[in-house]
Amino acid sequence: MDKKYSSDYKDYENSHWWFLARKEILLETMRLGLRNNKQKRKLLNVGSASGTSSKWLKEFGEVISVDISRLLCTTAKNNSSEPVVCGALPNLPFSSQAFEVICAFDTIEHVKEYKRSVAELYRILKPEGLLFVTVPAVRALWGSHDVINHHIKRFEKSELPKLFSCFKILRITYFNFFLFPLIYLFRKCEKIKPQRKTNFEMTGKGLSKIFYYIFVLEKVFLSKGVNFPIGASLLVVAQKPKIC
C-alpha cells in the first residue's frame with residue numbers, strides 16, 4: 001500500500017467503522033469455529049499491519065504477527081507485546097505445521113502469487129488446524145481504493161473452492177451484504193469521477209455510525225449460519241485434513 005496510507009493505517013484500524021464492524025464479525029466467526037478446540041494454541045496473523053488485530057486475536061491463543069511492510073512491523077512492535085516478524089507470502093519464515101490457527105484477513109489479494117500463497121498457508125498449518133481468510137469480492141467493485149491498497153484482484157465466490165481445494169472447506173460466504181448496493185453505486189460513480197483517496201478517508205462521523213451499525217448487524221445472521229448471496233467481501237473458513 002502507499003507509504004502515507006501505511007502510516008495512517010493504525011488510526012483506521014482503531015476507529016474506522018469498517019474495521020470495527022469487521023472485527024466483531026470475525027471475532028464471532030472465530031469463537032464459533034474454535035469453541036470445541038483446546039484453549040492454548042499457536043496462532044499466526046498473516047498481514048498483521050499495525051498489530052491491532054493481533055491484540056484481539058490473543059483471545060484464541062499465542063499470536064505471532066507477520067507483515068511485509070517494515071514500517072508496519074515497527075508500528076506493530078510498538079503497538080503490541082506479541083512477537084512480530086517481517087516476512088511475505090508466498091515464502092513465510094516458519095517451519096511446516098507450526099500453527100494450529102492461521103488468520104489472513106484481507107491479505108492474499110495483495111500477492112500476485114496468491115495460489116502459491118494458499119499452498120504456503122497449508123504448509124505451515126498443522127493437520128486439523130483452522131484457517132480464517134477474508135478477501136475483497138466482486139470484480140465489478142474494482143476502483144481507486146483497490147489501486148491505493150495495491151490489490152492484485154478482487155475475488156468471486158466461484159473461484160474459492162478451487163483455490164482452497166487442498167483444505168476441507170467449512171464455509172464460504174460473502175459479507176458486507178447490506179451495504180453492497182450503496183458500495184456498488186459509489187464505485188460506478190467513481191469511474192465517472194475518479195478519486196485519489198481510499199474509501200476509509202471519505203466517510204463523515206454521522207454516516208460512520210450508521211454504516212457501522214448496518215455492517216455489524218450481519219454478525220447476527222452469520223452466527224446463525226446464514227450465507228449471504230453477494231457482498232463486498234468474502235469469508236473462508238477451512239481446515240487442513242488430518243491425513244496430509
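Keep in mind it's a predicted model, so treat the numbers as computed, not measured.
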Novice: Using side-chain heavy atoms (C-beta onward) and a distance below 4.5 Å, is L89 in contact with E113?
Specialist: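 In short, these two side chains do not touch, never coming nearer than 4.5 Å.
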Novice: Below 30° counts as parallel, above 60° as perpendicular, anything between as tilted: where do the rings of F178 and F221 land?
Specialist: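 Perpendicular, since the angle between the ring planes exceeds 60°.
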Novice: List the atom of W18, the atom of S233, and the distance in Å for their closest heavy-atom pair.
Specialist: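 Closest approach of W18 to S233, heavy atoms only: CZ2-OG, 4.3 Å.
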Novice: Check the pair K23 / F105 against side-chain contact (heavy atoms from CB on, under 4.5 Å), numbers first and verdict last.
Specialist: CA-CA 10 Å; K23 169 189 171 182; F105 301 141; over 6 Å; no
Novice: If you compare all heavy atoms of P161 against all heavy atoms of I169, which two are closest, and at what distance to 0.1 Å?
Specialist: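 Of all heavy-atom pairs spanning P161 and I169, the closest is CA-CD1, 3.6 Å.
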Novice: Under the side-chain contact (heavy atoms from CB on, under 4.5 Å) rule, what do E109 and Y114 come out as? Steps first, then yes or no, please.
Specialist: CA-CA 7 Å; E109 70 274 9; Y114 60 88; over 6 Å; no
Novice: Does any non-hydrogen side-chain atom of L207 lie less than 4.5 Å from one of W17?
Specialist: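 Not touching, per the 4.5 Å side-chain cut-off.
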Novice: With a 4.5 Å heavy-atom cut-off, do N14 and F19 have their side chains touching?
Specialist: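 Answer no - side chains too far apart.
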Novice: Should F177 and I230 be marked as a side-chain contact (heavy atoms from CB on, under 4.5 Å) after you check the CA-CA gap, both sets of side-chain angles, and the distance that decides it?
Specialist: CA-CA 6 Å; F177 165 74; I230 196 67; 3.8 Å; yes
Novice: OH of Y184: more than 12 outside heavy atoms within 6.0 angstrom?
Specialist: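 Not more than 12 within 6.0 Å, no.
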Novice: Are the side chain of R154 and the backbone of D146 linked by a donor-acceptor contact shorter than 3.5 Å?
Specialist: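 Checking the backbone N and O of D146 against the side chain of R154, no donor-acceptor pair under 3.5 Å is found.
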Novice: On a heavy-atom basis, which atom in S95 and which in R123 lie closest, and how many Å separate them?
Specialist: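 In terms of heavy atoms, the two residues are closest at C-NH1, 3.6 Å.
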Novice: Using side-chain contact (heavy atoms from CB on, under 4.5 Å), reason through L32 and V237 one step at a time and then give a plain yes or no.
Specialist: CA-CA 11 Å; L32 289 170; V237 183; over 6 Å; no
Novice: Tell me yes or no: between the side chains of R22 and N176, is some donor less than 3.5 Å from an acceptor?
Specialist: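 N176 and R22 do not have a side-chain donor-acceptor pair below 3.5 Å.
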Novice: Ignoring hydrogens and geometry, is there a side-chain-to-backbone donor-acceptor pair from H151 to G143 under 3.5 Å?
Specialist: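 No, H151 side chain to G143 backbone: no donor-acceptor pair under 3.5 Å.
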Novice: OG of S65 to CG of L57: how many Å apart, nearest 0.5 Å?
Specialist: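 So the gap between those two atoms works out to 8.0 Å.
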Novice: Provide the closest heavy-atom pair for A137 versus Y174 in the form atom of the first, atom of the second, distance.
Specialist: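 Nearest pair, atom of A137 first, then Y174: CB-CE2, 3.8 Å.
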Novice: Would a 4.5 Å heavy-atom cut-off, applied to side chains only, mark F175 and F215 as touching?
Specialist: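 SC-SC contact between F175 and F215 confirmed.
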Novice: Please answer whether the main-chain N or O of L235 pairs with a side-chain N or O of T134 as donor and acceptor at a distance below 3.5 Å.
Specialist: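 Flag not set: sc T134 to bb L235 has no pair under 3.5 Å.
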Novice: Looking at side-chain heavy atoms only, is the closest gap between D67 and N45 below 4.5 Å?
Specialist: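 Sidechains of N45 and D67: no contact.
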Novice: Nearest 0.5 Å, what's the CG-CG distance between L185 and L179?
Specialist: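 The CG atom of L179 is 12.5 Å from CG of L185, to the nearest 0.5 Å.
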Novice: When the aromatic ring centroids of F164 and Y122 are compared, is their separation below 6.0 Å?
Specialist: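 Centroid separation for F164 and Y122: 6.0 Å or greater.
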Novice: Would a 4.5 Å heavy-atom cut-off, applied to side chains only, mark F99 and L121 as touching?
Specialist: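 With C-beta onward as the side chain, the pair stays apart.
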Novice: Testing the 3.5 Å rule here: is there a donor-acceptor pair between the side chains of S48 and S54?
Specialist: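 No, because no side-chain N or O of S48 sits under 3.5 Å from a partner of the opposite role on S54.
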Novice: If hydrophobic clusters are built by linking Ile, Leu, Val, Met, Phe, Trp and Tyr wherever their side-chain heavy atoms come under 4.5 Å apart, do F60 and V84 end up in the same one?
Specialist: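 No: no chain of side-chain contacts under 4.5 Å links F60 to V84.
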Novice: Taking side chain as C-beta onward, heavy atoms only, is K153 less than 4.5 Å from V135?
Specialist: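 With C-beta onward as the side chain, the pair stays apart.
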Novice: Starting from V236, can I reach L131 by hopping between I/L/V/M/F/W/Y residues whose side chains sit under 4.5 Å apart?
Specialist: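 In one cluster with L131: V236, yes.
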Novice: Tell me whether L217 is reachable from L182 by hopping between hydrophobic residues (I, L, V, M, F, W, Y) whose side-chain heavy atoms are closer than 4.5 Å.
Specialist: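 Linked within one cluster.
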Novice: Using a distance-only test with no angle check, is there a side-chain donor-acceptor pair under 3.5 angstrom linking E13 and S53?
Specialist: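 Note: E13 and S53 side chains miss the donor-acceptor criterion.
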Novice: Going from CG on L163 to OG on S165, what distance comes out if it is rounded to the nearest 0.5 angstrom?
Specialist: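 Rounded to the nearest 0.5 Å, the CG-OG separation comes to 8.0 Å.
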Novice: Look only at the side chain of E120 and the backbone of L92, and say whether a donor-acceptor pair between them is shorter than 3.5 Å.
Specialist: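 It does hold such a pair.
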Novice: In Å, rounded to the nearest 0.5 Å, how long is the span from NZ of K162 to CD of E159?
Specialist: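 Here the interatomic distance stands at 10.0 Å.
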Novice: Can you tell me how far the NZ atom of K157 sits from the CD1 atom of I172, to the nearest 0.5 Å?
Specialist: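 Going from NZ on K157 over to CD1 on I172, the span is 7.0 Å.
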Novice: Does some side-chain heavy atom of E128 sit less than 4.5 Å from a side-chain heavy atom of K240?
Specialist: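 With C-beta onward as the side chain, the pair stays apart.
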Novice: Between E100 (side chain only) and K126 (backbone N and O only), is there a donor and an acceptor less than 3.5 Å apart?
Specialist: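 The answer is no, because no donor-acceptor pair under 3.5 Å joins these two groups.
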Novice: Applying a strict under-4.5 Å side-chain criterion to I, L, V, M, F, W and Y, I'd like to know whether I152 and I108 cluster together.
Specialist: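 Different clusters: I152 never reaches I108 through Ile, Leu, Val, Met, Phe, Trp or Tyr contacts under 4.5 Å.
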Novice: Would you call E24 and K219 a salt bridge, taking side-chain N to carboxylate O under 4.0 Å as the test?
Specialist: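 Between K219 and E24 there is a salt bridge, with a charged N closer than 4.0 Å to a carboxylate O.
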Novice: Any idea which heavy atoms bring V85 and C73 closest together, and the distance?
Specialist: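 Answer, listing the atom of V85 first, then C73: O-SG, 3.9 Å.
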Novice: Counting only heavy atoms not in I68, do more than 12 fall under 6.0 Å of its CD1?
Specialist: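 No.
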Novice: If you measure from CG on L20 to OH on Y213, what distance do you get to the nearest 0.5 Å?
Specialist: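 Output value for this atom pair is 10.5 Å.
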Novice: Kindly give the heavy-atom pair with the smallest separation between T107 and G47, and that separation in Å.
Specialist: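 Minimum heavy-atom contact is OG1-CA, 3.7 Å.
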